[in-house]
There are 2 protein chains.
Amino acid sequence: MPDQAMPSLSLGSELDFNNGDATYIKILDAGLAQFTEFGLRRTTMEDVASKAGVGRATAYRRFGDKHQLIQAVILRECQYQLGLIEAHLKTLDSPRDALLEAFVLAVTRAHVHPLLQRLLSSEPEDILPLLTLQWSRVIALFRVQLASQIRRAEEAGHVKVHDADQLAELMLRLMQSLVLSPDGLMNPADEASIRDMADRYLRPWLG
Amino acid sequence: MPDQAMPSLSLGSELDFNNGDATYIKILDAGLAQFTEFGLRRTTMEDVASKAGVGRATAYRRFGDKHQLIQAVILRECQYQLGLIEAHLKTLDSPRDALLEAFVLAVTRAHVHPLLQRLLSSEPEDILPLLTLQWSRVIALFRVQLASQIRRAEEAGHVKVHDADQLAELMLRLMQSLVLSPDGLMNPADEASIRDMADRYLRPWLG
DNA sequence: TTGGTACAACGACACGGTATTTGTTCGATT
DNA sequence: AATCGAACAAATACCGTGTCGTTGTACCAA
């Protein structure tokens with residue numbers, strides 16, 4: 001009965017409980033699948049449990065309640081996507097290019113992310129307040145990640161910024177706007193247009 | 001029975017109908033007052049009409065229906081606020097400073113605007129989709145205004161930009177984010193922090 | 001530790017019936 | 001010519017009711 005949802009990243013330290021972690025991950029996978037297909041409100045714990053092949057009580061034992069399960073699914077997905085982006089950046093030499101490419105990838109990937117788009121189109125009244133009025137609670141994870149990435153590049157002498165946290169917040173605000181309002185001159189569906197934008201307007205910020 | 005709501009700016013050409021325009025403006029004023037105090041949904045046409053001191057039928061005769069009245073009130077308020085900002089900018093010498101100051105004023109004024117804040121707090125499910133998913137329909141007015149302002153400054157040789165429309169959209173996206181998500185390192189309630197931000201990150205865009 | 005069941009509490013939902021609001025029309029009034 | 005006040009049907013919001021599904025917890029056998 002974990003107090004906070006355990007992300008899949010902490011799996012490495014408990015490879016012994018292979019069986020236990022297996023059900024844990026099965027439930028998270030089932031939750032992601034069902035939430036993506038039917039939305040948060042219309043999927044029941046029964047749906048998730050049966051899809052995961054476990055009893056409903058087991059899901060409650062692992063995640064406490066539905067809301068914590070939702071948080072765990074979303075948190076794991078965020079970390080997974082961050083991991084994908086980070087992995088892709090390993091192929092780049094310049095840390096400056098890496099920061100800009102992270103921006104581009106985050107925007108374009110979010111724009112085609114099944115769960116995010118599902119919730120935006122079928123339950124906007126639930127998710128829009130979260131991604132705007134209360135967005136500081138949501139992006140905390142992303143901002144510290146991005147800010148530390150900026151600081152690392154700065155200490156290595158590759159970029160020069162005034163305030164890494166401020167810059168990270170600005171980049172995240174632009175991501176927020178592009179994802180929530182895709183219809184404009186820069187289109188998240190067109191990776192090239194986003195990359196051009198980042199190159200022209202964000203690169204100067206990196207000193 | 002005007003097809004589209006007539007903004008107050010077209011008043012100049014019809015000063016003859018002083019009496020008619022007076023009721024027109026009285027209804028708009030009453031609408032603004034009631035919408036601000038009770039929200040869009042909870043104010044009735046009866047409320048607006050009686051507050052304006054006219055019959056309910058007159059309000060319908062002038063604006064068609066409630067939705068068109070709402071649009072007219074909001075449109076007039078947007079134009080009024082734009083006018084206020086433009087008037088304030090007349091006091092500045094540098095067109096470059098004027099553009100940045102317009103950004104600062106727009107953000108800080110929107111953050112304390114009674115109607116906008118009222119709708120954000122009491123009817124977010126109605127207004128958030130409008131200001132995000134369908135925001136391109138809303139900001140058309142602002143973008144052409146801002147882009148033409150940028151172009152004017154550019155033709156006068158005061159700034160040098162790559163694409164005035166693109167730049168205008170970027171500035172508007174940052175305004176959108178700051179207004180909809182005020183909680184962050186830059187706070188719209190603190191004019192100085194917004195001005196610092198504009199100075200540091202937006203000024204380089206102006207060439 | 002799991003699965004299955006039983007359970008109370010809660011919220012969503014469907015239903016009628018009522019009241020309000022909307023949008024239109026008309027005649028009287030200025 | 002435009003306004004007001006009134007009347008009107010239609011649409012919509014509201015309310016009380018009951019039903020159903022879901023949630024979250026507890027228990028016991030495996």
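Scope of the values below: all heavy atoms of this structure, side chains included, with no hydrogens, waters or symmetry mates. Since this is a predicted model, take the numbers as computed values, not measurements.
Atoms CE (M45(B)) and P (dC4(D)) sit 13 Å apart, rounded to a whole Å. K66(A) has its NZ atom 11 Å from the C1' atom of dG11(C), to the nearest Å. Rounded to an integer number of Å, the gap from Y24(A) OH to dT1(C) C1' is 16 Å. Atom CG in D47(A) sits about 12 Å away from atom C1' in dG21(D), given to the nearest Å. Per the geometry, NZ belonging to K26(A) stands 12 Å off C1' belonging to dG3(C), to the nearest Å. If you take CD of E46(A) and C1' of dT22(D), they are 10 Å apart, rounded to a whole angstrom. One atom, CG of D65(B), and another, P of dT24(C), lie 8 Å apart when rounded to the nearest Å. Residue D126(A) contributes atom CG, which lies 16 Å from atom P of dG11(C) at whole-angstrom precision.
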D163(A) and R151(A): CA distance, side-chain angles, deciding distance, salt bridge (Lys or Arg N to Asp or Glu O under 4.0 Å) verdict: CA-CA 9 Å; D163(A) 185 332; R151(A) 261 188 279 272; 5.3 Å; no
side-chain hydrogen bond (donor to acceptor under 3.5 Å, both in side chains) between H111(B) and Q117(B), intermediate numbers included: CA-CA 7 Å; H111(B) 184 254; Q117(B) 295 306 317; 5.5 Å; no
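By the 30° and 60° cut-offs, the orientation of the rings of F63(B) relative to Y24(B) is tilted.
T58(A) has no side-chain polar atom (N or O) that falls below the 4.0 Å cut-off from OP1 or OP2 of dT2(C).
Looking at E169(B) and R173(B), a side-chain N of the basic residue comes within less than 4.0 Å of a carboxylate O on the acidic one, giving a salt bridge.
Each side-chain hydrogen bond (donor to acceptor under 3.5 Å, both in side chains) pair with one or both residues in residues 188-198 of chain B, not counting sequence neighbours, appears once here: E101(B)-R195(B), E191(B)-R195(B).
Judged by distance alone, the side chains of Q145(A) and Q149(A) never bring a donor and an acceptor atom under 3.5 Å apart.
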Could you go over nucleotides 26-30 of chain D and give all protein N or O partners under 3.5 Å, atom names and distances?
none

Taking N or O atoms only and anything under 3.5 Å, show me the protein contacts with nucleotides 8-13 of chain D, one pair per line.
none

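Between R76(B) and D29(B) there is a side-chain heavy-atom pair separated by less than 4.5 Å. Taking 4.5 Å as the limit, some side-chain heavy atom of P188(B) sits within range of a side-chain heavy atom of V107(B).
Comparing dC4(D), dT24(C), dT23(D) by their nearest atom to the side chain of Y60(B) picks out dT24(C).
Of all heavy-atom pairs between T132(B) and Q176(B), the closest is CA-NE2, 3.8 Å.
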